[in-house]
Amino acid sequence: MDTMRERFAAIVSRLLDEDARLAVVLAEIGKDGFADAARAHPDRVINVGIREQLLVGVGGGLALTRMRPILHTFASFLIERPFEQIKLDFGHQGMGGVLVSAAGSYDWPAGGYTHMAPGDVALLDTLDGWTVHVPGHPDEAETLLRDAAAAGDDSVYVRLSAHANSAPRDIAPGRFLTVREGRGGVVIAVGPMLDNVLAAVEGLDVTVLYATTVRPFDERTLRAATAAGAGAGAGGAADVVIVEPYLAGTSTGAVNDTLADRPHRVLGLGIPRRELRRYGTIDEHLAGQGLDPASLRKRIAGFLRR
């Protein structure tokens, strides 16, 4: 199976052939995947070198000319380092574009903390109007990338990861997918966390929703899953657990807003703020952060039993 980044390069290279409005802006990282596209479209595949603020500035400038820019580098360099440029060159100017990240929370642990960005979605949440996609499989990444490229002048963030589920799901951009139904609570698995969540809740009477778009938050599907006693805990309150592959609690506010008119409890699981300074493998980081199936089961079951 190809990776999400490999699929990204292949699909966007193809889209460049089909849509003259698209342009790709790189900051050295990922340039090899666009070598053929750069030869075919030298004016629309731009590598600014290791200059991430310039990466965003060039993207914003292209958007001002009504191009549809697609910007790519590691999440820490795409969201955190040039955040002021995102805020001003896209948000303040009222421009849209597609930001496509890699490396995520701990995709390349050997790269150290400079290459980790567990706070990227939470940081982007401070800005208005961004759509955020978190695919869990390369096939889903293709679906979401195509949707983002065709999304008019909207601002879209696509968070790619080396961590992936074993099989794709039949997703629809902007909607949660109901993977299974139960009456003992609702667990929302975001992107590549689905396989671990399904293993963790095996045998538990819970509904599992699969989220590959987290902004805008799919309030309708969550409300339906918690309606009429479904997903209710003690006293009829809705019990919701959301498992995200980035900063824990990033979407608990969205859950609270969705269920503001009814009693509910919410548990946000994800990457804690404490820094793990031993850089092992992705699986070791999952275990160290309590996101492996055994740890998730203990935390989910303990919450739902209260």
Side-chain angles (χ1 to χ4, degrees), residues 4 7-8 11 96 98-101 104 120-122 124-125 127-161 163-183 185-198 201 206-228 230-231 238-246 249-262 264 266-270:
M4 293 189 202
R7 186 70 63 88
F8 159 66
I11 291 304
V98 184
L99 308 185
V100 182
S101 73
D120 56 341
V121 176
L124 207 56
D125 251 353
L127 303 180
D128 181 44
W130 281 84
T131 294
V132 178
H133 296 312
V134 188
H137 186 277
D139 289 1
E140 298 166 2
E142 177 173 345
T143 297
L144 297 169
L145 285 163
R146 288 184 178 277
D147 183 79
D153 295 314
D154 292 351
S155 296
V156 184
Y157 178 43
V158 185
R159 191 183 202 265
L160 305 182
S161 178
H163 179 205
N165 300 313
S166 59
R169 300 279 173 164
D170 186 18
I171 64 165
R175 300 298 305 276
F176 295 171
L177 176 69
T178 302
V179 177
R180 50 172 279 192
E181 296 182 339
R183 300 187 62 83
V186 175
V187 182
I188 305 171
V190 176
M193 296 312 307
L194 180 62
D195 280 359
N196 281 9
V197 166
L198 288 175
V201 302
V206 297
T207 292
V208 175
L209 303 180
Y210 181 40
T212 52
T213 302
V214 292
R215 302 291 182 276
F217 194 80
D218 185 3
E219 297 182 352
R220 183 172 65 175
T221 300
L222 177 57
R223 288 187 65 84
T226 57
D239 285 344
V240 180
V241 180
I242 183 161
V243 185
E244 302 176 277
Y246 36 79
T250 295
S251 295
T252 55
V255 175
N256 282 325
D257 289 345
T258 299
L259 302 176
D261 61 340
R262 62 168 300 182
H264 66 276
V266 58
L267 173 66
L269 301 179

Measure across Y210 and G191 and return the closest heavy-atom pair with its distance rounded to 0.1 Å.
CE1-O, 3.2 Å
What's the shortest heavy-atom distance between A148 and V156, and which atoms?
CB-CG1, 3.7 Å
To the nearest 0.5 Å, atom OG1 of T131 lies from atom CG of L99 at 11.5 Å
Can you pull out every salt bridge (charged side-chain N to carboxylate O under 4.0 Å, His left out) where at least one residue sits in residues 251-260? Sequence neighbours excluded, please.
none
Indicate yes or no: at least one non-hydrogen side-chain atom of D147 is less than 4.5 angstrom from one of H133.
yes
Residues 167-177 side chain polar contacts: donor-acceptor under 3.5 Å, at least two apart:
| from | atom 1 | to | atom 2 | distance (Å) |
| --- | --- | --- | --- | --- |
| R175 | NE | D218 | OD2 | 3.2 |
| R175 | NH2 | T221 | OG1 | 3.1 |

Can you list the residues that meet the side-chain contact (heavy atoms from CB on, under 4.5 Å) rule with T250, with sequence neighbours excluded?
V121, A122, D125, R215, E244, Y246, L247
Heavy atoms of other groups near E219 CD, more than 12 under 6.0 Å:
yes
For R146 and I11, the nearest pair of non-hydrogen atoms, with its separation, is NH2-CD1, 3.7 Å
Within the structure provided, determine whether R262 and T226 are in side-chain contact (heavy-atom separation under 4.5 Å).
yes
H137 and A164: which non-hydrogen atoms are nearest, and at how many Å?
CA-CB, 4.5 Å
Under 3.5 Å: donor-acceptor pair, side chain of D195, backbone of N165:
no
Report yes if the side chains of L160 and S101 come closer than 4.5 Å at any heavy-atom pair, otherwise no.
no
Does the side chain of V197 reach to within under 4.5 Å of the side chain of V241, using non-hydrogen atoms?
no
Who passes salt bridge (charged side-chain N to carboxylate O under 4.0 Å, His left out) against D154, sequence neighbours left out?
none
Sub-4.5 Å side-chain heavy-atom contact between R159 and V132:
no
What distance do I188 atom CD1 and L267 atom CG have between them, rounded to the nearest 0.5 Å?
11.5 Å
State, with a plain yes or no, whether a side-chain heavy atom of E142 is found less than 4.5 Å away from one of L145.
no
Which heavy-atom pair separates P192 from P135 by the least distance, and what is that distance?
CD-O, 3.5 Å
Hey, is the main chain of V134 close enough, under 3.5 Å, to the side chain of T212 for a donor-acceptor pair?
no
Under the side-chain hydrogen bond (donor to acceptor under 3.5 Å, both in side chains) test, which residues partner H163, sequence neighbours left out?
none
Residues that F8 engages under ring pair (Phe, Tyr, Trp, His ring centres under 6.0 Å), provided they are two or more places apart
F34, H72
Ignoring hydrogens and angles, tell me if any N or O in the side chain of R180 forms a donor-acceptor pair with the backbone of V206 under 3.5 Å.
yes
Spacing of CG belonging to D139 relative to CG belonging to L144, to within rounding of 0.5 Å
11.0 Å
What verdict does the side chain to side chain contact (heavy atoms under 4.5 Å, CB included) test give for M193 and V187, after you've listed the backbone C-alpha separation in whole Å, the side-chain angles of each residue and the deciding distance to 0.1 Å?
CA-CA 11 Å; M193 296 312 307; V187 182; over 6 Å; no
